[in-house]
Amino acid sequence: EVQLVESGGGLVQTGGSLRLSCAASGFTFDDHAIGWFRQAPGKERERAPCISAYRGHTYYSDSVKGRFTISLDNAKNTMYLQMNSLKPEDTAVYFCAAGAPGVFYNGLYYFDPDYWGQGTQVTVSS
């Protein structure tokens, strides 16, 4: 059974940091596009990941550039999202995802995930 299990969400003050983890089982991240999607309160999940990576290339939305980084530990089959300088507008449920490579369009990298994490809440207080 394929699973992506997330951990690391929580409540943090503006300017703080959090690291989210996404551990995979039943498949490996090799040659998959990976990314983190957000769903802000009262809104639908964003169509493009706020940050993603494929074959050594990383793609950022303007809203997280310079503050978020994505990394992958192949030995642990786990990907991470390091979030620094958090802002209240970063408050959302964060979903990790993996799938076939997508396309770079209009400044964002779109891919259609085959696998999703369960989501973890990140709340940034002002």
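In this text, all values refer to a predicted model and were calculated from it rather than measured experimentally. This chain uses plain numbering: 1 for the first residue, then up along the sequence.
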**OP:** Mind running side-chain contact (heavy atoms from CB on, under 4.5 Å) on Q82 and S71 for me, showing each step along the way?
**Re:** CA-CA 8 Å; Q82 179 67 44; S71 60; over 6 Å; no
**OP:** Indicate the atoms forming the closest heavy-atom contact of P113 with W116, along with that distance.
**Re:** CG-CZ2, 3.4 Å
**OP:** Give a yes or no on whether the ring-centroid distance for Y115 and F27 is below 6.0 angstrom.
**Re:** yes
**OP:** Using the side-chain contact (heavy atoms from CB on, under 4.5 Å) rule, take V12 and T123 through it: C-alpha gap first, then chi angles, then the decisive distance, then the call.
**Re:** CA-CA 6 Å; V12 64; T123 303; over 6 Å; no
**OP:** Compare all side-chain heavy atoms of T14 with those of P88 and state whether any distance is below 4.5 angstrom.
**Re:** yes
Original post:
Would a line drawn from the ring center of F68 to the ring center of W36 be shorter than 6.0 Å?
Top reply: no
Original post:
Is it true that a side-chain atom of Q39 and a backbone atom of V93 form a donor plus acceptor pair closer than 3.5 Å?
Top reply: no
Original post:
Quick check: does any side chain N or O of T91 sit under 3.5 Å from a backbone N or O of V124, one acting as donor and the other as acceptor?
Top reply: yes
**OP:** Mind checking the CD1-CZ spacing from I51 to R67? Nearest 0.5 Å is all I need.
**Re:** 10.5 Å
Subject >> Pair D90 + K87, salt bridge at N-O below 4.0 Å >> reply: no
Subject >> Closest approach of R38 to A92 (non-hydrogen atoms, all atoms of both residues) >> reply: CB-CB, 4.0 Å
Original post:
Are L11 and S125 close enough that some pair of their side-chain heavy atoms sits under 4.5 Å apart?
Top reply: yes
Original post:
Checking Q118 side chain against E6 main chain: does a donor-acceptor pair fall under 3.5 Å?
Top reply: yes
Subject >> Proximity of Y59 and Y110 rings by center, below 6.0 Å >> reply: no
**OP:** Could you tell me whether the side chain of E46 and the main chain of C50 form a donor-acceptor pair under 3.5 Å?
**Re:** no
Original post:
Is there side-chain contact between M79 and C96, with at least one heavy-atom pair below 4.5 Å?
Top reply: yes
Subject >> Distance in Å, L18 CG paired with N84 CG, rounded so as to fall on 0.5 Å steps >> reply: 9.5 Å
Original post:
Are any non-hydrogen side-chain atoms of F29 and L4 less than 4.5 angstrom apart?
Top reply: yes
Subject >> Main-chain N/O of N77 paired with N74 side-chain donor or acceptor, under 3.5 Å >> reply: no
Original post:
Are the side chains of L20 and F95 in touch, meaning some heavy atoms are under 4.5 Å apart?
Top reply: no
Original post:
For S85 and S17, which heavy atoms make the closest approach, and how far apart are they?
Top reply: N-OG, 4.3 Å
Original post:
Distance-only, no hydrogens or angles: does the S63 side chain make a donor-acceptor pair with backbone N or O of S61 under 3.5 Å?
Top reply: no
Subject >> Close side-chain approach of I70 to Y80, heavy-atom, < 4.5 Å >> reply: no
Original post:
Taking a hydrophobic cluster as the set of Ile, Leu, Val, Met, Phe, Trp and Tyr residues connected by side-chain heavy atoms closer than 4.5 Å, whether directly or through intermediates, do I34 and V2 fall within one such cluster?
Top reply: yes
Subject >> Rounded distance (nearest 0.5 Å) linking atom CZ of F37 with atom CZ of R47 >> reply: 7.0 Å
**OP:** Could you tell me whether the side chain of V122 reaches within less than 4.5 Å of the side chain of M83, counting heavy atoms only?
**Re:** yes
Original post:
Where does the angle between the aromatic ring planes of Y109 and F111 fall among parallel (under 30°), tilted (30 to 60°) and perpendicular (over 60°)?
Top reply: tilted
Original post:
Can you find a heavy atom in the side chain of Y54 that is under 4.5 Å from one in the side chain of D31?
Top reply: yes
Subject >> Residues T78 and D73: side-chain donor-acceptor under 3.5 angstrom >> reply: no
